[in-house]
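Reminder, nothing fancy here: chain letters follow the sequence lines and each chain counts from 1. Note that this is a predicted model, so its numbers are computed, not measured. Values below: all heavy atoms of this structure, side chains included; hydrogens, waters and symmetry mates excluded.
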Amino acid sequence: MAARGVQVELKRTAELTSAPGGGSEFALSRLDYLIDQLKRHGINWARRHSLWPMPFATACCGIELMATGASRYDIARFGAEAMRFTPRQCDVLIVAGRVAMKMMPVLQKIYIQMPEPKWVISMGACASTGGVFDTYAVVQGVDQFLPVDVYVPGCPPRPETLLEGLMRLQQIVAEDGVRSSRERGRGLRLTLQPPRTDRVELGAGFRGAE
Amino acid sequence: MRDDDIIVLKEPELTPAERLYLPQILDGLKTTLRHMFDLQRRHAVVHQYPEQTREDTGELRTANYHGVHRLNKDPDGRVACVACFMCSTACPAHCIHIEAGESPWPDREKYPVQFDIDELRCIYCGLCEEACPVDAIELTPLYELVSCTREELILDKEKLLQIYEETKGIKPRRNPPVTDYGLTGTQGLDVAEPNMKRKV
């Protein structure tokens, strides 16, 4: 990521010095650039290492969420140990477990009550897609109602998988910065087409073939 | 029920020291403090995840862990699946979608033109693995798959075969195929001895 940053910097410098405006304009854009970098590497650095989760645990995924918070997997190593049970103090909504249709307004209210910037992790099969509960009473994926940032598969996911999701979220915060949830919202999509070309990313901890 | 059947239990009398509650609190705190200052023990408890995985500590049972699926290849490098739809029928979450086509090879009738598994809907129960007659679909010890979109986690045939290539080192294709392909396709001499000899 650092290498890409340097590349962008070089490109921008080349563009700006060759521009006809010259000196003061260059200095101003430079200042903009510095503020941008400060935001990205300073504020977002602090932000991504102090994500406070709001555990919305409705089922067995909540147990794995507790295991992730406990001493063995110790979510505090990622700065996300401050589980707050009021949405007004939280950055990340972790939806763990199935969400019934009647529960969805509650979840939406909790999401609305969280201050921006906020992110959503959809943990487990039920929260992400409905899982085995393919009925009218269960929401077939909370992403039909909330802008979900990271999907964590599993039934329930292992603590490692949740930590992997948290790391992916930290990566999003580092690279993407803060965009409002309205911008990130993907809305209701009922038909999904799998991408046919991309290779699958096998996770940070995976050690490969031998 | 008579009155003398009822057993009346009385709370034990507390001694003055017990009534203070302080010795009990100190007794509990002793455990907490021991854990707090015993650095070696503390280090042993915490699992430093991305650096130290369960493979490193030897706690992961790679032979039968229920992680992400893969599609096995047969010794000729072709996809081993014969598109019989047993796995998608057995799947309780209905996350496997297969489209069968006529096989270009003479030893079987069908092969999967498309094979999609929705890893997000899957509950990793392993029933597909048990249902498969040719042991083509297997679960790998790979548990670290997350995504930013739902589409990314619908794995198609190429990706499942890629996962086979990447995990065959840590988990070789476990069961040799016992079902004779010849029985499903052009039936030749194999019919005389069905399933008697293992092919691999």
Practice task
Count the heavy atoms belonging to other residues, nucleotides or ligands that lie under 6.0 Å from CZ of B:Arg61, then report whether that count exceeds 12.
Solution key: no

Problem - Check: A:Ile172 main-chain N/O paired with A:Asp149 side-chain donor or acceptor under 3.5 Å - result: no

Problem - Centroid-centroid distance, B:Tyr49 to A:Tyr73, less than 6.0 Å - result: no

Exercise for the section: Answer yes or no: are there more than 12 heavy-atom neighbours, outside A:Met101 itself, under 6.0 Å from its atom CE? Expected result: yes

Handout entry: Residues from residues 6-23 of chain B approaching chain A under 4.5 Å (heavy atoms)
Key = none

Exercise for the section: Under the side chain to side chain donor-acceptor pair (under 3.5 Å) rule, what do B:His47 and B:Gln52 come out as? Steps first, then yes or no, please. Expected result: CA-CA 7 Å; B:His47 184 93; B:Gln52 176 201 12; 4.5 Å; no

Practice task
Under 4.5 Å, counting heavy-atom pairs only, tell me which of B:His66, B:Gln48, B:Arg54 racks up the most with chain A.
Solution key: B:Arg54

Handout entry: Candidate list A:Val99, A:Ile112, A:Thr58, A:Val139, test side-chain contact (heavy atoms from CB on, under 4.5 Å), partner A:Leu107, passing option
Key = A:Val99

Practice task
Mind ranking A:Pro157, A:Gly154, A:Gly141, A:Pro159 by heavy-atom pairs under 4.5 Å with chain B and telling me who comes out on top?
Solution key: A:Gly154

Fill in the blank from the handout: Residue from A:Ser128, A:Ala127, A:Gly130, A:Cys126 scoring the most non-hydrogen pairs under 4.5 Å with chain B is A:Ser128

Problem - Most contacts with chain B, counted as non-hydrogen pairs under 4.5 angstrom, among A:Gly131, A:Ala70, A:Gly124 - result: A:Gly131

Handout entry: A:Arg77, part contacting chain B, at a heavy-atom distance under 4.5 Å
Key = side chain

Problem - Student check: side-chain heavy atoms of B:Ile96 and B:Ile137 closer than 4.5 Å - result: yes

Problem - Toward chain B, the part of A:Phe78 with a non-hydrogen atom under 4.5 Å - result: side chain

Problem - Heavy atoms from other residues, nucleotides or ligands near CD of B:Glu59 exceed 12 (cutoff 6.0 Å) - result: yes

Exercise for the section: Taking the side chain as every heavy atom from C-beta outward, state whether A:Ser122 and A:Asp143 have any pair of such atoms under 4.5 Å apart. Expected result: no

